[in-house]
Each structure stands twice: as C-alpha cells, then as structure tokens.
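For reference, the structure is listed below as structure tokens.
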2 protein chains.
Amino acid sequence: MATIEDVAKLAGLSRTTVSRVINNHPYVSQTKRQQVLHAMKELGYVPNSSARSLRNQRTGIIAVLIPRVTNLFFSKFIETLEITISKSDYQLIVCQTQYSKEKELTYLDLLKTRQIDGVIMASLENDWKEVHPYLQYGPIILVNEYEEKADVPTISLNQKRGAYEATEHLIKLGHKRIAYCCGQHKSNVAKEREKGFKQALIDYQLIIDEELTYRKADDIESGREIIKSIIHLQKPPTAIFTGSDEVAAGIIAEAKRVGWSIPENLAVVGFDNQPIAELLQPPITTVHQPVQEMAEKAALVLFNKIHNKVSTEILSLPLKLIIRASTVGEESEVKEMVSR
Amino acid sequence: MATIEDVAKLAGLSRTTVSRVINNHPYVSQTKRQQVLHAMKELGYVPNSSARSLRNQRTGIIAVLIPRVTNLFFSKFIETLEITISKSDYQLIVCQTQYSKEKELTYLDLLKTRQIDGVIMASLENDWKEVHPYLQYGPIILVNEYEEKADVPTISLNQKRGAYEATEHLIKLGHKRIAYCCGQHKSNVAKEREKGFKQALIDYQLIIDEELTYRKADDIESGREIIKSIIHLQKPPTAIFTGSDEVAAGIIAEAKRVGWSIPENLAVVGFDNQPIAELLQPPITTVHQPVQEMAEKAALVLFNKIHNKVSTEILSLPLKLIIRASTVGEESEVKEMVSR
DNA sequence: TTGAAAGCGCTAACAT
DNA sequence: ATGTTAGCGCTTTCAA
C-alpha cells in the first residue's frame with residue numbers, strides 16, 4: 001500500500017505538498033500539482049482513512065439505532081437515510097438494538113470510542129438519564145421516537161394526531177366498541193398513539209374498555225392471536241385500531257379464517273401504509289407516515305450538529321389517514337361517493 | 001477525552017502497561033493491573049478506535065453491498081448478518097448500490113481506503129474484471145449472487161434447482177403454457193432461474209415461448225403491468241412463474257381486479273416466501289430461500305478470510321418449494337389430500 | 001509557494 | 001514484569 005510518503009518521494013516533493021493536493025488546498029503551483037497527481041495515479045495511491053480519522057478527529061461514519069431492520073418502517077427509513085448521507089460521502093452503520101437496553105448502550109459506545117461522528121436514534125430503550133452522558137462524546141439526535149427530557153434535536157411524527165384521526169374515522173362510521181392494539185416497548189410512539197386513540201373516544205363520549213386494549217401486538221402472528229382472543233368475548237368490538245399494517249394483516253387473515261367479513265363484522269385500521277396494505281383483500285385503511293422526509297431531515301439535522309451549528313430543533317411531521325375498504329366496505333364506499 | 005498517556009500518568013505507570021491491560025496481555029502484575037483499571041475508570045477512559053485502527057491495520061467494520069434494503073430478501077439478510085457479526089464486535093456498513101455500477105465501485109473503494117476489513121457482495125453489477133483489482137486491498141466474498149470467473153469464496157442458493165422444482169410443480173398440475181417473469185440486472189441469480197425454468201419445460205417436452213417471457217419484473221407494480229399485457233394475448237398462459245412474492249402479489253391483485261380467478265384462470269408461483277405470501281388471497285405458492293443460514297455462513301467465511309485462513313469455499317444452499325393455494329386451489333388441494 | 005517537524009493515540013519490538 | 005522508543009499515515013503549524 002502506497003503512503004503519502006511514497007507519493008512525495010516519487011514526485012520529488014514533500015508530504016505537505018501532497019497533502020495539500022489531496023485536500024485541495026490553495027498555494028500549490030499548477031506544475032507541482034500535476035506532478036503529485038501523476039505520482040498518485042502511478043502508485044495507485046489512496047489516503048488511508050484510519051490515519052485521516054485519527055488526525056482529523058472525524059470518521060465520516062454515522063450510526064443509526066433501530067430495533068430491527070426487517071420492518072418496513074425502519075428499512076424504508078434506512079434506505080432513504082443511507083442514500084441521503086452517501087451524497088455527502090458518509091457511511092452508515094446499522095445498529096439493531098433488538099429492544100435491548102444493553103445493546104442500545106453498547107452501540108452508543110461507538111461514540112465514545114470515536115468510531116462514528118454522530119448517532120441517529122430511531123428507537124429508544126433506556127431512560128434518558130442513561131443516554132444523556134453519551135452526549136459529551138458526540139452528537140445524538142432523536143428521530144421517530146421522542147422523549148420529553150431529551151435536550152437533543154428531535155424529529156418525530158405526530159402519532160397522537162394520526163391515531164386520533166384514524167379513531168375518529170371509525171367513530172364517524174358509527175362504531176362504538178373499538179379495540180386498540182399496539183406494540184409496547186416503553187415507546188413514546190405507542191404511548192402517544194394511545195393518547196390520541198383515547199382522546200377521540202372521550203371527545204365522542206365513548207367508553208374506554210380496558211378489555212379491548214392489547215399492548216404487545218407488533219407482527220402478523222400477534223394479529224392472529226388477537227382475533228383468537230376476541231372471538232371469545234361476550235361483547236366483541238366492531239372495529240379495531242392497530243399500530244401496524246402487519247398486525248392488521250394478521251387480524252384480517254385470521255378473522256376471515258373464522259368466517260368474519262371485513263369490514264361488516266369488524267372494521268380494521270392499520271398503520272404505516274406499507275405496500276401490502278393495498279394488496280390485501282380488503283385493502284387496509286391505514287395511516288401513512290412520511291418516513292422519507294423524516295430520514296432526509298434527520299440527515300440534515302445531524303450534519304448540522306456535527307458541524308457545530310447549534311440547533312435544538314424539535315420538529316413534528318404530520319401523518320395522513322388513507323381510507324380503504326377494510327373500514328369502508330365496497331357498498332358503503334359507493335354510497336359515500338354518491339353522497340358527495 | 002482522556003488518552004492512554006493520561007491513564008499511564010495517573011496510574012504512575014507507562015503507556016505500555018496500560019496498553020497491556022487494555023488488550024489483556026499477560027505479564028502484568030495484579031497490583032498494577034488494578035492501578036490501571038482504577039485510573040481508567042476515574043478518567044472515564046476509552047481507547048480511541050481510529051488510533052487502534054491505524055496501528056493495528058484493522059477497523060472492526062465490514063461492508064455489505066446490496067441493491068436496496070427495502071426488499072425483504074435483503075433486509076432479512078442484513079438483519080441476520082448484523083446480529084451475527086456484532087457477536088464478534090464487528091460493525092456493519094450498509095451499502096445500497098441501487099443497481100448502479102459506479103456506486104458499486106465507490107463502495108468497494110472503502111476497501112482501498114482501509115475503512116473496512118472486508119466486503120460481502122450480495123449483489124454484483126460490474127463485470128468481474130472491474131471488481132477483481134479490489135481483491136488486493138482486502139477480502140471480498142460473494143453471497144447470493146455469483147460469478148464463474150470470481151476467485152473468491154462464494155455462498156449461493158441453488159436457484160436453478162429451485163426454479164426447476166417450481167416449474168415442475170406447475171407442469172405436473174397440467175399446465176402447458178407457463179409464463180416466466182423475473183427481474184433482470186445482469187444478475188446470475190436471474191439467469192440461473194431462467195435456466196432451471198427452461199430445463200423443466202424441456203424435460204417435459206413443452207415449448208418455450210419467448211412471448212411469455214418477462215425480464216424486468218421486480219416489484220408489485222411490474223406484476224400488475226404483466227397482467228395488463230397478458231390479458232391481450234391471443235393465447236394467454238395458464239400459469240406463471242415469478243422471481244419474487246411481490247411480483248406474484250401484484251399479478252394476483254391485478255388478475256383478480258380484471259375478474260380472473262386464481263389459480264383456476266392463472267396459477268401463480270412466487271419466490272422468497274415472504275410473510276405476505278401466506279396472507280394474500282389465495283396464499284402464494286413460493287420458493288423458500290434459506291437467507292438466515294446464508295447470512296450466518298457469510299459472516300463465518302468472511303471472518304476466516306480476514307484472519308487469513310485461506311478458504312475458497314464455494315457453497316450452494318438448497319431452496320425449498322412451498323405449495324399453497326395460488327397453484328393448487330382449495331378443491332384440488334382437498335382432492336390431493338384425499339388421494340394421499 | 002514549499003518544506004521540516006510535531007503530533008493525533010495507540011501497540012509492539014526491544015531492552016532491562 | 002515493566003519501560004523506552006519507534007512508528008502506523010496523515011495534517012498542520014511554523015519557518016523559510
């Protein structure tokens with residue numbers, strides 16, 4: 001591997017001059033610049049990034065913390081994030097916490113050891129007081145997940161409002177017994193959604209029934225389980241609000257299996273607006289989250305932080321309800337369209 | 001930020017001794033070890049990884065190249081890969097080539113600049129002669145994708161066999177006009193599947209009709225497009241083999257929209273065995289790929305390469321056909337079960 | 001406009 | 001068992 005020294009020798013110049021050429025510094029004559037460029041090419045020289053990192057105190061790498069990558073919400077987030085930061089020649093280290101506090105802290109250690117220039121936390125397992133000390137080692141921003149006590153830039157989605165609108169939609173369709181089911185990992189996202197859901201019930205004078213509340217649903221299988229439990233209820237719900245399209249898909253599949261019609265026997269609302277939401281029979285009414293905007297904004301804000309532009313931006317992006325046949329069946333849809 | 005020097009001073013010892021403690025070297029007395037440990041704790045000392053990388057010529061980071069992360073096949077691969085390598089304290093940089101040759105080479109440059117210790121290529125855009133020179137900078141292994149000319153460890157899936165079995169399944173159900181549709185990015189994966197598909201037709205004396213061959217289908221939308229094209233054919237196919245469950249899902253959704261029954265009017269085979277395959281109406285017959293095993297094996301093989309254990313392993317893992325109602329309708333399924 | 005030299009923080013060969 | 005010292009490859013003062 002050729003070093004800067006080798007290039008300097010071959011070009012008959014000093015390391016300094018070579019470095020100047022590498023970094024596009026002024027005060028290098030055209031002739032010498034050419035000599036250096038030529039020597040670099042001849043040797044196939046490429047600067048060693050560990051040496052640069054050590055010297056410059058920056059690695060050009062950032063880390064993103066998520067629970068797991070096989071969740072379309074997070075993979076979409078990472079897709080956009082990686083594309084965005086790579087435009088600035090940054091690399092992305094993916095850190096799956098798997099909902100573990102210990103793993104989360106282990107990944108934050110990357111900041112301590114200076115392996116990365118900054119962290120985007122798209123999930124949060126620990127109490128903020130555990131995370132806070134890491135701020136002395138480098139910038140951290142909170143995205144998607146959020147935390148009152150956190151004194152860092154935060155980009156979140158208006159989960160409460162999103163959940164409220166979805167619930168209101170069900171209420172306006174005449175539903176009075178609405179089940180709630182979301183994931184639960186001490187996440188504020190889940191908490192805010194629950195707030196929005198309950199607020200809607202309150203605003204429309206409906207009763208909140210804890211029997212109809214499920215808090216550990218986060219995949220297809222758990223959706224199925226919920227139906228298995230619901231069918232034994234004396235007074236089953238007529239509608240159900242869920243925290244993800246996957247859960248909704250599981251619910252719909254199992255409900256159909258036991259002979260229920262959707263939405264006649266049970267109206268179902270999903271969350272995320274994943275591609276499958278449109279494909280299922282019936283297509284799922286769901287809440288679209290602007291993941292891409294969130295990722296782009298996250299990259300921007302973290303870069304600002306890294307370059308010491310002091311920002312403590314707190315941003316909340318709006319969600320959007322997308323109405324499909326899992327709440328408004330074919331017939332009622334027609335009716336509604338006519339009535340417009 | 002405390003350095004090793006600070007720790008040494010505080011402990012009243014040399015940098016060497018501190019380094020020995022950090023790296024668990026022998027020949028450090030218990031007393032001094034304790035002194036060092038104590039000083040480290042007091043200063044909140046953590047070794048600087050850039051300095052270690054520079055000195056040790058290893059970064060503890062590997063890169064994985066994929067087209068994009070929002071594809072369940074690849075996100076599942078990355079999920080398992082990250083979990084596996086993190087057990088050995090390695091970090092994973094995700095590189096999305098977006099099917100671009102230039103981007104692929106840019107990411108391979110990480111090897112040149114020594115930002116990473118090795119590369120797992122789960123996709124391949126360039127000709128091997130473009131990639132080959134990078135081997136002098138560090139280990140590269142090929143996973144999923146493969147290439148005759150490549151002189152590197154390769155872990156692939158037996159795509160030809162998988163496609164053959166899926167096609168044979170359709171033939172045995174009595175289909176004679178079978179459409180083929182796969183993605184095409186000069187990928188050998190696609191080529192091998194096509195070979196398997198055609199071999200099956202040949203073995204059963206069926207005609208290969210180029211009119212029924214689609215080669216740029218890789219998402220839901222392209223599946224829909226294919227149906228739009230097929231319905232205008234004079235002699236439409238009675239079955240269709242696809243390269244992904246997403247394409248199959250698009251085909252099924254659109255076919256139903258135009259009033260076709262699946263599998264009565266068109267039998268559909270997917271690929272990947274994604275969770276949605278089971279949820280759709282009808283559930284999709286598909287080919288399961290052992291992604292997790294592949295990822296675990298990939299980590300193992302790359303680590304071996306990194307530690308100079310010379311292996312040029314070429315491995316091919318088997319695929320498995322999973323039969324569901326998109327090829328074998330409810331009734332025929334019953335028949336078949338009875339006939340067993 | 002160019003170069004000499006110090007030093008980023010660490011490890012290892014060598015000496016004791 | 002412990003310390004001295006050279007150097008990994010780079011950038012940046014400082015001096016010329």
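Values below: all heavy atoms of this structure, side chains included; hydrogens, waters and symmetry mates excluded. Residue numbers begin at 1 in each chain, while the letters A, B, ... track the order of the sequences.
Rounded to the nearest 0.5 angstrom, B:Leu54 CG and A:Arg55 CZ are separated by 12.5 Å. Between atom OG1 of residue B:Thr3 and atom CG of residue B:Asn48 there is a gap of 9.5 Å, rounded to the nearest 0.5 Å. Separation of atoms NE2 (A:His132) and CG (A:Asp127) is listed at 13.5 Å; rounding is to 0.5 Å. Atom NZ of residue B:Lys32 and atom CG of residue B:Leu13 lie 5.5 Å apart, to the nearest 0.5 angstrom.
Protein atom CD of A:Glu5 is 14 Å distant from nucleotide atom C1' of D:dT11, rounded to whole Å. Residue A:Asn56 contributes atom CG, which lies 10 Å from atom C1' of D:dT12 at whole-angstrom precision. Per the geometry, OH belonging to A:Tyr27 stands 18 Å off P belonging to D:dA15, to the nearest Å. Nucleotide C:dC10 holds its P atom 13 Å from the CZ atom of B:Arg55, rounded to whole Å. Between B:Ile4 atom CD1 and C:dG7 atom C1' the separation is 16 Å, expressed in whole Å.
Listed by residue number, A:Thr16, A:Thr17, A:Arg20 are the residues of residues 16-25 of chain A with a heavy-atom contact under 4.0 Å to DNA chain C. DNA chain C lies under 4.0 Å from at least one heavy atom of each of the following residues of residues 29-37 of chain A: A:Ser29, A:Lys32.
Closest to the side chain of A:Gln57, out of D:dC8, C:dC8, C:dC10, is C:dC8.
Side chains of B:Gln292 and B:Glu79: a donor-acceptor N/O pair is absent below 3.5 angstrom, by distance only.
The residues B:Glu130 and B:Lys101 are annotated as not salt-bridged, no charged nitrogen and carboxylate oxygen being separated by less than 4.0 angstrom.
One cannot find a donor-acceptor pair under 3.5 Å joining the base of D:dT4 and the side-chain atoms of B:Arg15.
As judged by a 4.0 angstrom heavy-atom cut-off over every strand, B:Pro26 is placed among residues making no nucleic acid contact.
Of the side-chain N and O atoms in B:Arg52, none sit less than 4.0 angstrom from OP1 or OP2 of C:dG9. The side chain of A:Tyr45 contributes an N or O atom lying less than 4.0 Å from OP1 or OP2 of D:dC10.
Exactly one residue among B:Val64, B:Ile120, B:Ile116, B:Ile83 makes a side chain to side chain contact (heavy atoms under 4.5 Å, CB included) with B:Leu92. That residue is B:Val64.
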Can B:Thr80 and B:Glu296 be said to form a side-chain hydrogen bond (donor to acceptor under 3.5 Å, both in side chains), step by step? CA-CA 7 Å; B:Thr80 309; B:Glu296 283 161 9; 5.8 Å; no

